[in-house]
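A quick write-up on the structure given underneath.
A note on names: the letters A, B, ... follow the listed sequences, proteins ahead of strands, and every chain is numbered from 1.
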Amino acid sequence: MKIIEKNGNIIVQGLRDFNIGQTLECGQCFRFDKICEDDYILVAKGRILHIEQKEDDIIFYDTGLEDFNLIWKEYFDLNRDYGLIKKSLLKKDKVLQEAIHSKSGVHILNQDFFEMLITFIISQNKQIPHIKQIVELISNRYGEKIGEMCGKEYYSFPTVERLSKVSEEEFRDCKAGFRAPYLVNACRSVLEGRVTRDKLMNQSTEKVLEILTSIKGVGEKIANCVMLFGLSRSESFPVDVWIKRVMENLYFHEETKKDIIKEFAKEHFGEYAGFAQQYLFYYARDNKMKNVS
DNA sequence: CTCCAGGTCGTTG
DNA sequence: CAACGACATGGA
């Protein structure tokens, strides 16, 4: 990885195993707008980032070396060797070959814990474009304005303190529907310190799962998403409709319970289960994979 | 119109 | 413990 500072931009060269489009569109992230091919505006870490990929160059527009090193390098998980992860997964398992090869530029982002908790509570029983809409609405109403780009105003994701003051009715007005009381409850849990990033960071996977699922509206799947995307727990393996479908198609060849799939993934993919999950999820969704039988 | 979406909860058998 | 309907909202 070679980093160049030029005209107020940062250019990163020689990054293998990274594609900005795949990384943002794979379903882990909901706060971005596509300008054109491989060219995106992203909201994260309380700021706007215009980022573009031109062949092997990644351009972080209007970004200094300090912001890149302190914020974006970690956010985009640029220090991790994805080539090694893919090799390790493929060594054990040729079944993953197609999924990994077609989605080989996916990185798992290190996103904000609270934002992931709220976002994935919203995600239940909704399609990705809807999730994006609701998160944007909540940010526009309760976040801070952080700038303007291409004629659109951008707002940060709200703080715990601000969102804790939002009522159930107001969440319903943001189209959250039946999830509104869950959101109120989740905000309170974080504000009152029962569920915080610090508290979860040093716990065992089982304990983290137990604490997260103690929030009403957070089950196994959402807890695993929060762990994978918001707590850097790469052994997490969220099982949703798409993962169920793709696992049934590629491994079981018949209808299979989520618990069985989860256990299999833990055994089979081990510490890299989260990466396997994301390649499989994106691959299945992108190919509109059908149920078995 | 009907069906389903990155699910979870509460209720039944 | 497994199965099942309800839950808001919007798009196919």
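- Rounded to whole Å, atom C1' of dA8(C) lies 13 Å from atom CG of D173(A).
- Residue V292(A) forms a side chain to side chain contact (heavy atoms under 4.5 Å, CB included) with just one option from E248(A), M247(A), H253(A), and that option is E248(A).
- dA2(C) and dG6(B) are spaced 26 Å apart, taking the P atom of each and rounding to whole Å.
- Among the protein residues, P238(A) comes within range of the nucleic acid bases, having at least one heavy atom under 4.0 Å from a base atom.
- Of the residues in residues 18-28 of chain A, those placing a heavy atom less than 4.0 Å from an atom of DNA chain B are G27(A), Q28(A), in numerical order.
- Near DNA chain C, defined here as any heavy-atom distance below 4.0 Å, there are no residues from residues 203-234 of chain A.
- Distance H130(A) NE2 to dT9(C) P: 12 Å, rounded to the nearest Å.
- Following rounding to the nearest Å, K175(A) (NZ) and dC7(C) (P) show an atom-to-atom distance of 19 Å.
- The same atom, P, is picked in dT11(B) and in dA8(C); the two are 15 Å apart, to the nearest Å.
- Salt bridge annotation for R16(A)-D56(A): absent, with no cationic side-chain nitrogen under 4.0 angstrom from a carboxylate oxygen.
- Taking the six-membered ring for Trp and the full ring otherwise, the centers of F229(A) and F30(A) sit at least 6.0 Å from each other.
- Residues W72(A) and K45(A) come closest through the heavy atom pair CZ3-CG, 4.3 Å.
- Between Y182(A) and R285(A), the residue anchored closer to the 5' end of DNA chain B is R285(A), taking for each the nucleotide with the nearest heavy atom.
- The aromatic rings of Y82(A) and H107(A) lie parallel to each other, with less than 30° between the two planes, well short of the 60° mark.
- Using a 4.0 Å cut-off between charged nitrogen and carboxylate oxygen, E153(A) and K145(A) count as a salt-bridge pair.
- Going from atom CD of Q124(A) over to atom P of dA8(C) covers 11 Å, rounded to whole Å.
- For the pair D39(A) and K54(A), the salt-bridge criterion is not met [side-chain N within less than 4.0 Å of a carboxylate O].
- With a cutoff of under 4.0 Å to any heavy atom of chain A, the contacted region of DNA chain B is bounded 5' to 3' by dA5(B) to dG10(B).
- In this structure, F178(A) atom CZ and dG10(C) atom P are separated by 13 Å, rounded to whole Å.
- Separating the NZ atom of K126(A) from the P atom of dG10(C) is a distance of 7 Å, rounded to the nearest angstrom.
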Could you walk me through whether V184(A) and F171(A) satisfy the side chain to side chain contact (heavy atoms under 4.5 Å, CB included) test, starting with their C-alpha distance in whole Å, then the side-chain angles of each, then the deciding distance to 0.1 Å, before giving a yes or no?
CA-CA 8 Å; V184(A) 171; F171(A) 277 127; 3.7 Å; yes
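- Taking a 6.0 Å sphere around CZ of R162(A), one finds it holds more than 12 heavy atoms contributed by other residues, nucleotides or ligands.
- Whole-Å rounding puts the I134(A) CD1 to dC7(C) C1' distance at 13 Å.
- Annotation: of the two residues near DNA chain C, G177(A) and D259(A), the 5′-most nearest-nucleotide partner is D259(A).
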Checking Y142(A) against Y155(A) for the ring-ring contact (aromatic ring centres under 6.0 Å, His included) test, could you report, in this order, the C-alpha distance in whole Å, the side-chain angles of both residues, the deciding distance, and whether it holds?
CA-CA 8 Å; Y142(A) 309 114; Y155(A) 293 79; over 10 Å; no
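- Taking a 6.0 Å sphere around CD of E148(A), one finds it holds more than 12 heavy atoms contributed by other residues, nucleotides or ligands.
- Here dG10(C) presents its C1' atom at 13 Å from CD1 of I131(A), a figure rounded to the nearest Å.
- Cation-pi geometry between K86(A) and Y272(A) is not met at under 6.0 angstrom from the ring centre and within 45 degrees of the axis.
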